[in-house]
> 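What follows is a structure written as structure tokens; I'll ask about it next.
Throughout, numbering of the chain's residues begins at 1 and tracks the sequence.
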Amino acid sequence: MKPYMLKLSALLVAAVSMTSCKSSLDIPYENLKEELTILFLGATDRDQHTLKISQTSMGRYFRIKGVEVEMSIDGAKVGLTPIKPLGTYELSAQFRSGQRVQISASYKGKKASSEFVVPSPAEVLEVKHEDYTLHRETGSRKEYTRWKIRLKDPAGEKNYYRIYAEYADVVQRVDTGEEFTPRGWIMLKLDGREDYILSDGNPAAPGSEEAEDPFDIASYTNIYNVFPDRVFDGQEVGLSLSSDRISLPMNFYYHREDGYHTILGDGSEVLVKPKSRRIRFFVQAISEDVYKYLISLGVAHSTDEESPFTTPVQIYSNINGGTGISGVNATRVVDFDIELKVPKKRER
């Protein structure tokens, strides 16, 4: 296991969600050797996953053809299907806690590999929320939701976790009765700097200037809300996070004489009945490697890259003979609905 030197890398940021990758990296000159890059972050709550293999050379990232790549789960090989873009592979697997996963790649004499064990998930005991308003001395106010999450940590293990959330507004078409989400799922920005564990023992006072602006990455580096279980091993623990007020309405409805309308993806307008706002919390057990990777990525986010005095950030890697990150997150998903507040009538 080793760190490698990068300024803020679009390639590695993409690994968090396994979406797209840019074609260049800003790498200090001392690390311009050619290396293979492996990016794989799977999860136990899905059965379709993506593996990406590329090469870094002279500060740039290249898609490469003719790579020999293998993956195995507990010694059994996994089928990898090449898809676009080049160097991307799709695989079907239902990962389970305790499985040992191995990945290897070779290209023109260069070899890179990784090995990890799927961690055990925490038990999610409760998720509660409460809306509140912060009144500032300037006369302005901030609408917030405070979240309380209780977990039960598996005993006798060294565990690491990540928490994030999404939300979607559910409506029902009047003509067909079909329920759907007009805007799809939206990431809910969570701020954990008021919490003892998420702030690494240095919580901000509720309502303080430091706590007022969720996701102000200039003053808070744990933007991925990751944490170890070192102070609550095998016990129940409560976490406190904040977000923008979750009950505030979204303005994608338009009022007509016959009721509320919304716009579909094809541009057509349909009459709908608002149903609920659906919240989805993800509590992921992650490996120590993925924990170190996300911590270093958060530090990179908060680093002033324009300053000539800035030291390049070490982005953690667990790839032997190369760069990148690999792991599978053991995920618990909690869904619940709250009342969907319909905005005031407005014409389109």
Side-chain angles (χ1 to χ4, degrees), residues 1-41 50 52-62 112 114 116 160-165 187-193 195 197-202 204 210-211 213-228 241 282 284 286-320 322-327 329:
M1 309 301 177
K2 66 179 184 63
Y4 59 99
M5 302 295 291
L6 284 174
K7 292 185 180 178
L8 185 57
S9 162
L11 176 64
L12 293 172
V13 171
V16 176
S17 57
M18 295 308 295
T19 52
S20 61
C21 300
K22 291 187 178 180
S23 59
S24 64
L25 293 172
D26 187 8
I27 304 177
Y29 287 104
E30 62 267 25
N31 275 10
L32 294 186
K33 63 181 180 179
E34 293 184 354
E35 289 186 301
L36 290 177
T37 298
I38 297 176
L39 296 177
F40 179 74
L41 286 178
T50 303
K52 297 182 184 235
I53 309 292
S54 60
Q55 179 177 261
T56 55
S57 177
M58 295 302 294
R60 293 182 62 81
Y61 141 75
F62 296 93
S114 179
F116 58 87
Y160 300 84
Y161 299 103
R162 179 191 179 198
I163 291 180
Y164 67 98
M187 184 66 73
L188 179 64
K189 293 182 179 179
L190 297 172
D191 173 36
R193 80 191 85 184
D195 186 83
I197 293 171
L198 290 168
S199 64
D200 200 21
N202 297 286
E210 185 182 8
D213 190 2
F215 252 48
D216 176 10
I217 60 177
S219 62
Y220 186 63
T221 60
N222 189 13
I223 61 174
Y224 295 106
N225 290 315
V226 294
F227 56 99
L241 301 95
F282 297 82
Q284 294 183 326
I286 59 179
S287 68
E288 183 177 5
D289 290 329
V290 173
Y291 167 77
K292 291 179 178 179
Y293 162 74
L294 291 175
I295 286 291
S296 64
L297 206 59
V299 173
H301 269 292
S302 61
T303 299
D304 182 5
E305 296 183 55
E306 303 301 323
S307 171
F309 304 104
T310 298
T311 301
V313 175
Q314 289 186 328
I315 303 295
Y316 184 83
S317 169
N318 67 343
I319 307 301
N320 299 311
T323 60
I325 189 67
S326 65
N329 307 322

> Considering all heavy atoms of both residues, which atom of R193 and which atom of S199 are nearest to each other, and what is their separation?
O-CB, 3.8 Å
> So, for L294 and Y224, which heavy atoms are closest and what is the spacing to 0.1 Å?
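The answer is O-CD1, 3.6 Å.
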> Show the nearest heavy-atom pair for residues V290 and L41, with the distance to one decimal.
CG2-CD2, 3.8 Å
> Please round to the nearest 0.5 Å and tell me the distance separating atom CD1 of I325 and atom CZ of F40.
12.0 Å
> Between L241 and D191, does the side chain to side chain contact (heavy atoms under 4.5 Å, CB included) criterion hold? Intermediate values first, please.
CA-CA 5 Å; L241 301 95; D191 173 36; over 6 Å; no
> Distance from L39 atom CG to T323 atom OG1, nearest 0.5 Å?
7.5 Å
> For the atom pair CZ (F227) and CG (D195), what is the distance rounded to the nearest 0.5 Å?
8.0 Å
> At their closest point, which heavy atom of V226 faces which heavy atom of L198, and how far apart are they?
O-CD2, 4.3 Å
> What distance separates I286 CD1 from Y161 OH, expressed to the nearest 0.5 Å?
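OH of Y161 is found 10.0 Å from CD1 of I286.
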> If I compare all heavy atoms of I319 with all of S114, which pair ends up nearest, and what's the gap?
CD1-CB, 3.7 Å
> For a 4.5 angstrom cut-off between non-hydrogen side-chain atoms, does I53 reach T37?
no
> Aromatic rings F282 and Y164: how do their planes relate, parallel, tilted or perpendicular, breaks at 30° and 60°?
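Parallel: the ring planes of F282 and Y164 meet at under 30°.
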> Can you find a pair of side-chain heavy atoms, one from Y316 and one from I295, that are under 4.5 Å apart?
no
> For a quick test of reading the model, state the closest non-hydrogen atom pair linking G324 to S317 and the distance between them.
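The answer is O-OG, 2.9 Å.
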> Checking N318 side chain against S326 main chain: does a donor-acceptor pair fall under 3.5 Å?
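Indeed, once roles are kept as given, a pair shorter than 3.5 Å links the two residues.
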> Compare all side-chain heavy atoms of D200 with those of N222 and state whether any distance is below 4.5 angstrom.
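D200 vs N222: side chains apart.
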